[in-house]
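The structure under discussion appears below in the form of structure tokens.
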Amino acid sequence: MSEDPPAESEPEDDPGLVCIEYPGVVENPERAIRSLGGEQNIGLVLSESNRRLELRFRSEDVYCKPTCGERHQCLSFVIKVQRCRLKPGVKNKPEVIHKTKMVGLVQSCFRFNNLCDFQYLPMQKTEQNQHASIYPEVFFNKLVTSDWIERQPPLFIPPAVFSRMDVPQDYQFRREASSEKTTGTPHNIIGRTRQRRSHHAIFVTYNVDKVPDGPRDIALNQMKIKFIHKDQFHMVEERFKERPVWSKNALNALTQIPPERLKFMLPAVAYYFTTGPWRNQWIRFSFDPRSDPSAGKYQTLDYRVRLQGGARHKVAAKRSYANYLLPYKAMNWSKPRTSLINKSSFPGAESPKDTEMESAEDREKQMDVFLFRRGRIPPYRQMFYQYCDIQIEAAQELLESSKSDSCSERSGWFAAGTEEKLRNIVTDVINEHISDERSKEIGNEALWEKLKESDGG
């Protein structure tokens, strides 16, 4: 027969294929698969529909930043073509016969359209002004000898985050701010063009001549616009009658008023100190803590959990650089985020069942936001306590013995150095509590081992 054999239209079993558009000329398929993480990693990516495929051009370098390929839907197929040559001398037949076979359908493919030029190489300049690799000195796949600690290490500190996104974005540059708005603002201040979101509160510094006597009219009108509940506002007023200086966290924990509502009430009953011993505190109108020695107990203690004693492992950080790492799953950056309205922000929307189900431990955690007590660990690594809220006997004794006859911007109504002594007392109490907890854990582990041995015997 002189005709070509008919092509096979459909394979016996039609496997679903995935196409990977490799951004380069592939001469060695094994190395290309290795740069994609190997067959096991490729299978893991394919098992999740929104997972991105990472490509590392230097697969043996742990410091290589990958470029990510995202899955796209496509509709194509793969055909296998065989070209067969016949023996010479055969008459009435073509010299070449082509055989075709459809391998399978391709319904998705990975395309690498993202940036890949963020790289930080482990290299160092030599005396000959050339770059030499220091990879063996900064990465070890085995145990090293103790003399490595005494040697001078090379300076190689790769950044934790290269970029918050790896897809080019259209950026709308802001217009230059007018010179009238920026006049008088130091150039070393970040965010000079951003307006303060004060909610019409009155902010004062320590050097202000006279403290405010009342709120602004627009602050009172703001409460009407936001439908502030009168009972909640009366509750805040009563708190300021009991105590002239409060922190926002303390009022939130004691009154259970959501912060979204509280931020509109505070400008109507108090002003805010931005500097000095009462910084970050709300003070009742017409009350000047600089002229009243009894206001010393309301001063602010800026406490930050220290490294020693393992306390920082017990206290979670508010923010982490991991929040800014590039996601390994696909995200649509062009899609605008949807604003959500919290039902608890409306007056009367709080469910009584939620308050009934609140456990005692949850209540204690809310009080930890502004109170420091023995046996409790601060919820955050940076805390702003008021002196009277540090319920430690040694701290209160220190405050009684460190009073001063005059008020200063640095230490308020107490002697210089009192704030640092308070920090040391708080640190000692935290370390003592962590040490006791660790001792209990060790004792429980030993008791458990004994019980296991006795059961086995």
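Note that these values count all heavy atoms, side chains included, but never hydrogens, waters or copies made by symmetry. Keep in mind it's a predicted model, so treat the numbers as computed, not measured.
- Side-chain contact between Pro212 and Val204 is present, with at least one heavy-atom pair separated by less than 4.5 Å.
- Looking at Tyr206 and Thr274, their side chains never bring a donor and an acceptor atom within 3.5 Å of each other.
- Without hydrogens or angle criteria, Trp278 side chain to Gly412 main chain gives no donor-acceptor distance under 3.5 Å.
- When the side-chain hydrogen bond (donor to acceptor under 3.5 Å, both in side chains) test is applied to Lys230, no partner is found at least two apart in sequence or on another chain.
- Here the straight-line distance linking atom OG of Ser435 with atom CD1 of Ile430 works out to 13.5 Å at 0.5 Å rounding.
- At least one side-chain heavy atom of Pro159 sits less than 4.5 Å from a side-chain heavy atom of Tyr120.
- In this structure, CG in Leu422 is found 8.0 Å from OG in Ser402, a value given to the nearest 0.5 Å.
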- Item | ring-ring contact (aromatic ring centres under 6.0 Å, His included) evaluation trace for Tyr303 with Phe384 | CA-CA 6 Å; Tyr303 179 75; Phe384 292 100; over 10 Å; no
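- The backbone N or O of Lys226 lies less than 3.5 Å from a partner atom in the side chain of Arg261, making a donor-acceptor pair.
- Less than 6.0 angstrom separates the ring centroid of Phe414 from the ring centroid of Tyr387.
- Residue pairs meeting the salt bridge (charged side-chain N to carboxylate O under 4.0 Å, His left out) criterion with at least one partner in residues 276-292, sequence neighbours excluded, are Arg279-Glu419, Asp288-Arg290.
- Identified under the salt bridge (charged side-chain N to carboxylate O under 4.0 Å, His left out) test for residues 145-154, with sequence neighbours left out: none.
- Taking the side-chain hydrogen bond (donor to acceptor under 3.5 Å, both in side chains) definition, one finds that Lys125 meets it with Asn129, sequence neighbours left out.
- Note that CE of Met265 and NE2 of His229 are 9.5 Å apart. Values are rounded to the nearest 0.5 Å.
- Put simply, CZ on Arg243 and OH on Tyr298 are 6.0 Å apart, with the number rounded to the nearest 0.5 Å.
- Between atom CH2 of residue Trp246 and atom CG of residue Leu266 there is a gap of 11.5 Å, rounded to the nearest 0.5 Å.
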- How far apart are the C-alpha atoms of Phe372 and Phe370, what are their side-chain angles, what is the distance that settles it, and do they pass the ring-ring contact (aromatic ring centres under 6.0 Å, His included) test? CA-CA 7 Å; Phe372 181 79; Phe370 73 99; over 10 Å; no
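- To the nearest 0.5 angstrom, Leu262 atom CG is 6.0 Å from Lys248 atom NZ.
- Using cut-offs of 30° and 60° for the angle between ring planes, the Phe203 and Trp282 rings count as tilted.
- Contact check for Pro66 versus Leu55: no side-chain heavy atoms found under the 4.5 Å cut-off.
- Classified by interplanar angle (parallel below 30°, tilted 30° to 60°, perpendicular above 60°), the ring pair Tyr271/Phe285 is tilted.
- The closest donor-acceptor contact from the side chain of Ser47 to the backbone of Leu44 lies under 3.5 Å.
- Judged as a side-chain hydrogen bond (donor to acceptor under 3.5 Å, both in side chains), and not counting sequence neighbours, Asp436 has no contacts.
- In summary, Lys263 and Glu260 do not engage in a salt bridge, as defined by a charged side-chain N under 4.0 Å from a carboxylate O.
- Between Glu361 and Arg376 there is a salt bridge, with a side-chain nitrogen of the basic residue lying less than 4.0 Å from a carboxylate oxygen of the acidic one.
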- Message: If you apply the rule side chain to side chain contact (heavy atoms under 4.5 Å, CB included), what do you find for Gln382 with Val305, and how did you get there?
- Response: CA-CA 6 Å; Gln382 182 180 12; Val305 178; over 6 Å; no
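- Contact check on Lys440 versus Glu437 returns no salt bridge, with no Lys/Arg side-chain nitrogen under 4.0 Å from an Asp/Glu carboxylate oxygen.
- Taking the salt bridge (charged side-chain N to carboxylate O under 4.0 Å, His left out) definition, one finds that Glu364 meets it with Arg373, sequence neighbours left out.
- Residues Thr300 and Gln281 have side chains that bring a donor and an acceptor to within less than 3.5 angstrom of each other.
- Side-chain contact between Ile33 and Ile42 is present, with at least one heavy-atom pair separated by less than 4.5 Å.
- Side-chain N/O atoms of Asn280 and Tyr272 include a donor and acceptor closer than 3.5 Å.
- Salt-bridge check for Glu60 with Arg58: failed, with every basic side-chain N at 4.0 Å or more from each acidic carboxylate O.
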